[in-house]
K.L.:
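Have a look at this one.
None of these values were measured; they are calculated from a predicted model. We count ligands from 1, going down the list as the structure has it; atoms in each ligand are counted the same way.
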Amino acid sequence: MTILAIDTSFEDSAAAVVQETTILSNVLSTDFSIYEEFGGVVPRLAREYHHKHIDPTITFAMKKARIIWGQVDAIAVTQGPGLAITLEVGIAKAKELSQKHKKPLVAVNHMEGHLLSFLSTPKKRVKSKLTEYRSGFPAMAILISGGHTQFVYVNDIGVYEIVGETQDDAIGECLDKVGRMLGLGYPAGHLIEKLAKEGRAGVYPFPIPMRQVKNANTSFSGLKTAAMRVIEAAKANKGGRLTKQDIADIAYAFQDACFTHLIEKMQVTLQERKVKSIILGGGVVANTEIRKRMRQVARHHNVPLYLPYSKKLCTDNAAMIGIAGYFKVQRKEFVGDIDTLDRVPTMRLG
Ligand code: KG4
Ligand code: ZN
C-alpha cells in the first residue's frame, strides 16, 4: 500500500511517500526568512509560497521514493486544522492529482498525523512497529505544537477523546512569542531550548498556572505575560540591554515553568485514566528536556513511552499525514464526492 501525502496546513509545503508506516521519502520546503520582518507566519505569504513550491515538492518526494504514479494506491491530504488559505492549496492539488491519475483520496486530520507519527519507521528498519503498538492501547497522547496543546485518550487508532487542552495559547506559540520578546528568531522553541541549557535555576521565579484547578486543561498565556514583565523589569535594571546570561536565565525559567505545568496536568490525566502507554507528538517533542521529563513520568507509571524516531518527525511533515492516511484507507474512509471536499481550519480530533 503506497500513499502520496500532502500537507500545507501552515508554513511548510510538505509531501511524502509512505508504504504502510514506512517512510520512503519526506520532503519539506520552507523559507522562514520571508517572515523575518513580521516576527511570525503571514498567511497570505505562506499561501503564495505553497503555490510556488507544492508541485516541485511533490515531484521531488516521488523521485526520492523512486515511485511513479502507477505505483501510488491513494493520496492523503491534510483537511485541517490549520490556516484556511494554506490548507486550500494542498486540498486543491490533491483533488487535481486524484482526478488526473484516478487515485482515491483520504482527508486527514493534521493532529491525528502528529499523534500517529510515533509509528513511522525508516526505510532501513525491517521490523515495523505495527505489530507491537496494539498492546499499548488504550494510550494517553500528549500533542504539543505551535497550534495545539492537547491530552488525547486513544482507545484505538481512529478512536480519540480529548481529555484536556489549552484554554488559551498553545505551548509552542508561547515559546515562539517569548522567543521574539528575547530577540530570538522564528520559530524560537529550539533556540529557547539551547539557551535554557546555559541558564541558571532560581534566578527568575515563574508562577505555575492552574494548580488549584483539578482538571487536565492547561493555560500558557499567563506565563507569556509573566515573561513579558520579567523581561521588561530585567531590562530596566540593566539599562535597557539584557546580557547573554540574562537571556539564558529567562529562557531556562520560562521553559521550566511551561514544562512543569504540562507535566503536572499530564499527571492529572493519568490519575483519571488508566493507560497502557504514553504517546508524544508535535513540534515541541523535539525538545530534549520535555522528552526527559515525559520519560520519568512513563517510568513512574510503568508504561512504555512512544515518540517519533527522529526530531524531524515531531515538527510538521507529510509522512505523518501518509501514515494517518494509510489507516483511513484500511478503514475505507475515502472522500466520496471529491468536488465537495473542503478545508476545516478548526477540525478537532474525536
Ligand atoms: O508541530 P509543529 O511543527 O507545527 C504545528 O503544528 O504547530 O510545531 C511547531 C512548534 C513551534 O512553536 C516551535 O517553536 C516548536 O514546535 N518547537 C520546539 C522545538 N522545536 C520546535 N519547541 C521546543 N523545543 C524544541 N526543540
Ligand atoms: Zn503540526
K.L.:
Should the pair Glu96-Lys100 be classified as a salt bridge under the 4.0 Å nitrogen-to-oxygen rule?
P.N.:
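Lys100 and Glu96: not salt-bridged.
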
K.L.:
Which heavy atom of the protein is the closest neighbour of atom 6 (O) of ligand 1, given with residue, atom name and distance?
P.N.:
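Going by distance alone, atom 6 (O) of ligand 1 is nearest to Asp316 OD1, 3.1 Å.
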
K.L.:
Classify the contact between His110 and ligand 1 as side chain, backbone, both or neither, using a heavy-atom distance cut-off of under 4.0 Å.
P.N.:
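His110 to ligand 1: side-chain contact only, backbone stays beyond 4.0 Å.
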
K.L.:
Do you see a donor-acceptor pair shorter than 3.5 Å between the side chains of Ser221 and Asp169?
P.N.:
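Not at all, the side chains of Ser221 and Asp169 share no donor-acceptor pair under 3.5 Å.
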
K.L.:
Between Glu272 and Asn215, do the side chains contain an N or O donor and an N or O acceptor separated by less than 3.5 Å?
P.N.:
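The answer is no; no qualifying pair exists.
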
K.L.:
Starting from atom 24 (N) of ligand 1, what is the nearest protein heavy atom, named by residue and atom, and what distance separates them?
P.N.:
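Looking at atom 24 (N) of ligand 1, the protein heavy atom closest to it is Asn287 ND2, 3.1 Å.
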
K.L.:
Nearest to atom 22 (N) of ligand 1, what protein heavy atom do you find, and at what distance?
P.N.:
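It is Gly189 CA, 3.3 Å.
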
K.L.:
Side chains of Tyr49 and Ser29: do they bring a donor and an acceptor to under 3.5 Å?
P.N.:
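Judged by distance alone, the side chains do pair up.
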
K.L.:
State plainly whether one hydrophobic cluster holds both Met294 and Val285, where clusters connect Ile, Leu, Val, Met, Phe, Trp and Tyr through side-chain heavy atoms under 4.5 angstrom apart.
P.N.:
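As far as the 4.5 Å side-chain criterion goes, Val285 and Met294 are connected within one cluster.
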
K.L.:
Carefully, step by step, assess Glu88 and Arg47 under the rule side-chain contact (heavy atoms from CB on, under 4.5 Å).
P.N.:
CA-CA 9 Å; Glu88 279 166 9; Arg47 181 187 168 88; 3.0 Å; yes

K.L.:
With no hydrogens and no angle check, do the side chains of Arg66 and Ser25 hold a donor and an acceptor under 3.5 Å apart?
P.N.:
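No, Ser25 and Arg66 have no side-chain donor paired with an acceptor closer than 3.5 Å.
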
K.L.:
If the cut-off is 4.0 Å to any non-hydrogen atom of Thr315, which atoms of ligand 1 fall inside it?
P.N.:
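This gives 3 (O), 21 (C) as the contact atoms.
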
K.L.:
Side chains of His50 and Thr8 only: does a donor on one sit below 3.5 Å from an acceptor on the other?
P.N.:
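No pair is found: no donor N or O on one side chain lies under 3.5 Å from an acceptor on the other.
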
K.L.:
For atom 21 (C) of ligand 1, find the nearest protein heavy atom and state the residue, atom name and distance (0.1 Å precision).
P.N.:
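Of the protein heavy atoms, Gly283 O, 3.4 Å lies nearest.
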
K.L.:
Do Arg273 and Tyr153 form a cation-pi contact, if we require the NZ or CZ to be under 6.0 Å from the six-membered ring centre and within 45 degrees of the ring's axis?
P.N.:
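Yes; both conditions hold, so Arg273 lies above the ring face of Tyr153.
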
K.L.:
Can you tell me which residue and heavy atom of the protein come closest to atom 12 (O) of ligand 1, and the distance to 0.1 Å?
P.N.:
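That would be Asp176 OD2, 2.7 Å.
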
K.L.:
Which residue owns the protein heavy atom closest to atom 10 (C) of ligand 1, what's the atom, and how far is it?
P.N.:
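For atom 10 (C) of ligand 1, the nearest protein heavy atom comes out as Gly146 N, 3.5 Å.
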
K.L.:
Keeping to residues at least two apart or across chains, list the salt bridge (Lys or Arg N to Asp or Glu O under 4.0 Å) pairs with something in residues 226-240.
P.N.:
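Qualifying pairs, neighbours excluded: Lys238-Asp246.
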
K.L.:
Check each atom of ligand 1 against the heavy atoms of Leu175 and keep those under 4.0 Å away; list them by number with element.
P.N.:
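Answer for ligand 1: 22 (N), 23 (C).
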
K.L.:
Quick one: does His114 get an N or O within less than 3.5 Å of an N or O on ligand 1?
P.N.:
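Min N/O separation from ligand 1 is below 3.5 Å for His114.
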
K.L.:
Tell me if the aromatic rings of Phe32 and Tyr186 count as close, with their centers under 6.0 Å from one another.
P.N.:
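For Phe32 and Tyr186, the ring centres are under 6.0 Å apart.
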
K.L.:
Which atoms of ligand 1 have any heavy atom of Ser145 under 4.0 Å away?
P.N.:
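Result: 1 (O), 5 (C), 6 (O), 7 (O), 8 (O).
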
K.L.:
Show me which atoms of ligand 1 lie under 4.0 Å from any heavy atom of Gly172.
P.N.:
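Contacts of ligand 1 toward Gly172, numbered from 1: 12 (O).
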
K.L.:
Where on Thr288 is there a heavy atom closer than 4.0 Å to ligand 1, on the side chain, on the backbone, on both, or on neither?
P.N.:
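No part of Thr288 is near ligand 1 at this cut-off.
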
K.L.:
Restricting to under 2.8 Å, identify the protein N, O or S atoms around the Zn ion (ligand 2) as residue plus atom.
P.N.:
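Metal shell, protein only: His110 NE2, His114 NE2, Asp316 OD1.
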
K.L.:
Do the charged groups of Lys52 and Glu48 touch, with an N to O distance under 4.0 Å?
P.N.:
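Salt bridge between Lys52 and Glu48, a charged N being under 4.0 Å from a carboxylate O: no.
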
K.L.:
Can you report which non-hydrogen protein atom sits closest to atom 26 (N) of ligand 1, along with the distance?
P.N.:
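Residue, atom and distance for the closest contact: Glu193 OE1, 2.8 Å.
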
K.L.:
Provide the number and element of each atom of ligand 1 under 4.0 Å from a heavy atom of Gly147.
P.N.:
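Counting from 1, the qualifying ligand atoms are 7 (O).
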
K.L.:
Please find the pair of heavy atoms, one from Val89 and one from Ile85, that lie closest to each other, and give the distance.
P.N.:
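In this case the closest contact between Val89 and Ile85 is CG2-O, 3.6 Å.
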
K.L.:
Suppose we measure from atom 15 (C) of ligand 1 to each protein heavy atom; which comes out shortest, and what is that distance?
P.N.:
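Of the protein heavy atoms, Val284 CG2, 4.0 Å lies nearest.
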
K.L.:
For His148, which part has a heavy atom under 4.0 Å from ligand 1: side chain, backbone, both, or neither?
P.N.:
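The answer is neither; His148 stays 4.0 Å or more away.
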
K.L.:
Taking all non-hydrogen atoms of both residues, which atom of Gly146 and which atom of Ala170 are closest, and how far apart?
P.N.:
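Result for this residue pair: O-CB, 3.5 Å.
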
